Amino acid sequence: MEMQKICYNMLTMTRELLSLDFYGEGVTAALATLDEQTGTLRIRHLLRQASSSLNGAVVRNLSGAQETLGRVFTEMAQYTQGTPTVIVGVRSSFLSFRHSTGTAYTEARSQLIRESDIRNALENSIPPHLSDMLEVVDILPLSYSIDDQHGMPNPQGMHGYSLEAETFISLAVRTHLTNLNQALTASGCEEYQLLPSSVALGDAVLLPAEKSGRTLLIDLGESGISAVLYHKNSIWEGWEMPFGLEMAAEQMADLLQNDLPTVRKLVYQYEPDPIMDEVLEDSARPLIEAIHKELVQTQSLAYIHHPPTQLVLCGLGANPVLLKSLQHTLGLRKARLGTFEHVIADCETNLPQYDGVLSLLEHTLMREEHQFGTAPVQETGFFGNLLAKFGLNSLF
């Protein structure tokens with residue numbers, strides 16, 4: 001059986017990717033197969049595992065989080081042909097973001113710029129006096145300058161002396177990230193790439209014209225909100241807000257004098273209805289004001305200097321009522337609901353909870369193609385070890 005799997009992958013030139021996104025109370029996961037000859041990505045299996053042990057990427061209960069992740073990996077292992085590249089999307093208010101620059105110099109003038117020079121420029125963009133409480137999650141290259149010539153997408157192989165990298169850095173509170181890493185490792189996942197889900201969403205959901213303009217993407221979830229601001233094809237700012245649709249659900253429960261579980265279904269599973277639309281609009285007013293305060297009154301320099309003109313709303317709260325309310329409150333000229341299109345899949349993919357895991361797959365492949373063209377290192381035997389741990393290796 002193992003030899004058949006190896007031969008299958010060699011003949012078809014396929015590669016598997018597994019993405020995880022900590023969305024609300026639980027985790028979503030997507031397993032995809034990439035045909036490396038045609039560049040076609042096919043979604044093979046999607047799942048959502050609810051868990052009160054997780055709130056976004058915050059681990060509330062370590063043993064419960066390990067058990068939840070173990071169930072996810074066990075189910076996904078049944079659909080794998082080999083060892084997938086694992087991408088883990090991070091959300092929650094323990095994340096913060098910075099726009100930065102870093103410089104590296106070659107050994108002599110007009111010297112060939114090597115991958116090590118690019119890596120040095122990226123690492124030098126990390127603020128020198130970073131708090132010991134923070135850890136770098138991701139350094140996203142935006143553009144490069146060679147000897148004051150700006151706007152280079154990839155300087156590798158070019159010649160120059162001074163190389164400057166413009167970057168978007170994602171940071172996390174070290175203790176929260178350590179707890180998440182511990183839960184992943186204990187559940188059998190020892191080799192993975194961490195990425196902020198909001199960065200992946202902005203890259204995958206926004207259209208090219210929206211990235212070139214001033215566009216705000218908001219992913220409105222149950223207990224958290226992620227947002228990114230694009231300007232001139234670069235991401236300029238990011239926000240992680242510690243509140244979400246639950247605020248509107250609680251307000252609606254008070255207005256209707258109804259129990260919260262019943263009201264949650266009305267808010268989380270939106271269906272058009274003229275009367276309920278008015279109730280939702282009234283109930284969501286405190287939530288919309290909280291988002292406005294977080295974006296505007298926090299005095300974000302990026303938001304002040306490059307105020308958005310258009311809005312793209314995705315996630316669990318992506319419905320026409322909340323879109324209209326956000327557009328009006330934020331004073332934006334254009335607004336639309338963000339959706340995934342042209343996804344090749346063997347399963348249902350149009351649920352908003354899956355926006356994050358699908359974005360992580362697309363974003364990872366985009367970065368591999370445009371940055372250096374190399375894939376992240378994989379640890380062999382990941383799923384073999386995982387299956388053995390759960391006593392399932394004899395089934396495959």
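What you see is a predicted model, and the numbers here were worked out from it, not measured in a lab.
Considering every non-hydrogen atom in both Leu316 and Tyr268, the closest pair reads CD1-O, 3.6 Å. Between His99 and Ile235, the shortest heavy-atom contact is CD2-O, 3.5 Å. Shown here for Pro308 and Leu229, the closest heavy-atom pair between the two residues is CB-CD1, 3.8 Å.
A salt bridge does not link Arg15 with Asp35: every distance from a Lys NZ or Arg NE/NH1/NH2 to an Asp or Glu carboxylate oxygen is 4.0 Å or more.
The closest side-chain donor-acceptor pair between Glu166 and Ser143 falls under 3.5 angstrom. Counted by atom type alone, Gln310 and Thr215 present one or more donor-acceptor pairs between their side chains at under 3.5 Å. Judged purely by distance below 3.5 Å, without hydrogens or angles, the side chains of His150 and Glu164 never pair a donor atom with an acceptor atom. Judged purely by distance below 3.5 Å, without hydrogens or angles, the side chains of Glu240 and Ser226 pair a donor atom with an acceptor atom. A side-chain N or O of Asn61 and one of Ser63 form a donor-acceptor pair less than 3.5 Å apart. Between the side chains of Asn350 and Glu348, a donor-acceptor pair is found at a separation under 3.5 Å. Side chains of Asp117 and Thr106: no donor on one and acceptor on the other come within 3.5 Å.
When side chains are defined from C-beta on, Ile146 counts as touching Met158, because their heavy atoms get closer than 4.5 Å. The shortest distance between side-chain heavy atoms of Met247 and Gln251 does not fall below 4.5 Å. Within the 4.5 Å cutoff, the side chain of Leu20 has no heavy atoms near those of the Val357 side chain. By the 4.5 Å heavy-atom criterion applied to side chains, Ile87 and Leu18 are not counted as neighbours. Side-chain atoms of Leu313 and Lys324, non-hydrogen and from C-beta on, never get closer than 4.5 Å to each other. Looking at Ser197 and Leu360, their side chains come closer than 4.5 Å, going by heavy atoms from C-beta outward. With contacts defined as side-chain heavy-atom distances shorter than 4.5 Å, the pair Leu54/Glu25 does not qualify. Taking the side chain as every heavy atom from C-beta outward, Arg367 and Asp138 approach each other to under 4.5 Å.
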Please lay out, stage by stage, how Glu75 and Arg71 fare under the test salt bridge (Lys or Arg N to Asp or Glu O under 4.0 Å). CA-CA 6 Å; Glu75 180 173 337; Arg71 288 197 297 268; over 6 Å; no

I would like to know whether Arg214 and Trp236 meet side chain to side chain contact (heavy atoms under 4.5 Å, CB included); could you show each step before the answer? CA-CA 10 Å; Arg214 297 197 303 273; Trp236 277 85; over 6 Å; no

Using the side-chain hydrogen bond (donor to acceptor under 3.5 Å, both in side chains) rule, take Ser162 and Asp147 through it: C-alpha gap first, then chi angles, then the decisive distance, then the call. CA-CA 5 Å; Ser162 171; Asp147 297 340; 4.8 Å; no

Determine whether Leu47 and Thr28 satisfy the following criterion, side chain to side chain contact (heavy atoms under 4.5 Å, CB included), listing intermediate values before the conclusion. CA-CA 6 Å; Leu47 69 86; Thr28 56; over 6 Å; no

Start with the C-alpha distance between Met241 and Leu295, add both sets of side-chain angles, then the distance that settles side chain to side chain contact (heavy atoms under 4.5 Å, CB included), and finish with yes or no. CA-CA 10 Å; Met241 308 176 201; Leu295 294 173; 3.7 Å; yes

Verify side-chain hydrogen bond (donor to acceptor under 3.5 Å, both in side chains) between Tyr354 and Asp21, making sure each step is shown before the conclusion. CA-CA 8 Å; Tyr354 295 133; Asp21 182 37; over 6 Å; no

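Relative ring orientation between Tyr105 and Tyr161 is described as tilted, the plane-to-plane angle lying within the 30° to 60° band.
Partners of His328 under the side-chain contact (heavy atoms from CB on, under 4.5 Å) rule, at least two apart in sequence or in another chain, do not exist in this structure.
In this structure, Ser100 OG and Ile169 CD1 are separated by 4.5 Å, a value rounded to the nearest 0.5 Å. Between His292 atom NE2 and Ser325 atom OG the span is 13.0 Å, to the nearest 0.5 Å. In this structure, the separation between CG on Leu177 and OG on Ser92 is 11.0 Å, given to the nearest 0.5 Å. Once rounded to the nearest 0.5 Å, the distance linking CE of Met76 with CD of Glu16 reads 11.0 Å. To the nearest 0.5 Å, atoms CD (Glu67) and OG (Ser53) are separated by 8.0 Å. Here OG1 of Thr309 is found 4.5 Å from CZ of Arg333. Values are rounded to the nearest 0.5 Å.
The salt bridge (charged side-chain N to carboxylate O under 4.0 Å, His left out) pairs that include a residue from residues 243-269 are Glu246-Arg264, where partners are two or more places apart or lie in different chains. Contacts classified as side-chain hydrogen bond (donor to acceptor under 3.5 Å, both in side chains) and involving residues 121-131 (residues at least two apart or in different chains) are given here: Ser125-Thr167.
The hydrophobic clustering, which links ILVMFWY residues whose side-chain heavy atoms are closer than 4.5 Å, places Ile218 and Tyr270 together. Both Leu62 and Val90 belong to a common hydrophobic cluster when Ile, Leu, Val, Met, Phe, Trp and Tyr are linked at side-chain heavy-atom distances under 4.5 angstrom. In the hydrophobic clustering of ILVMFWY residues, with side-chain heavy atoms under 4.5 Å counting as a link, Leu171 and Phe22 come out together. At a threshold of 4.5 Å between side-chain heavy atoms, the hydrophobic network of Ile, Leu, Val, Met, Phe, Trp and Tyr places Leu351 and Val72 in one connected group. Linking Ile, Leu, Val, Met, Phe, Trp and Tyr whenever their side-chain heavy atoms come within less than 4.5 Å puts Val173 and Leu130 in one cluster.
Checking side-chain atoms of Ser212 against main-chain N and O of Ala209 turns up a donor-acceptor pair under 3.5 Å. Within the 3.5 Å criterion, the main-chain N or O of Ser116 finds a donor-acceptor partner in the side chain of Asn120.
Checking each of Arg42, Arg44, His45 against Asp346 for a side chain to side chain donor-acceptor pair (under 3.5 Å) leaves exactly one that passes, namely Arg42.
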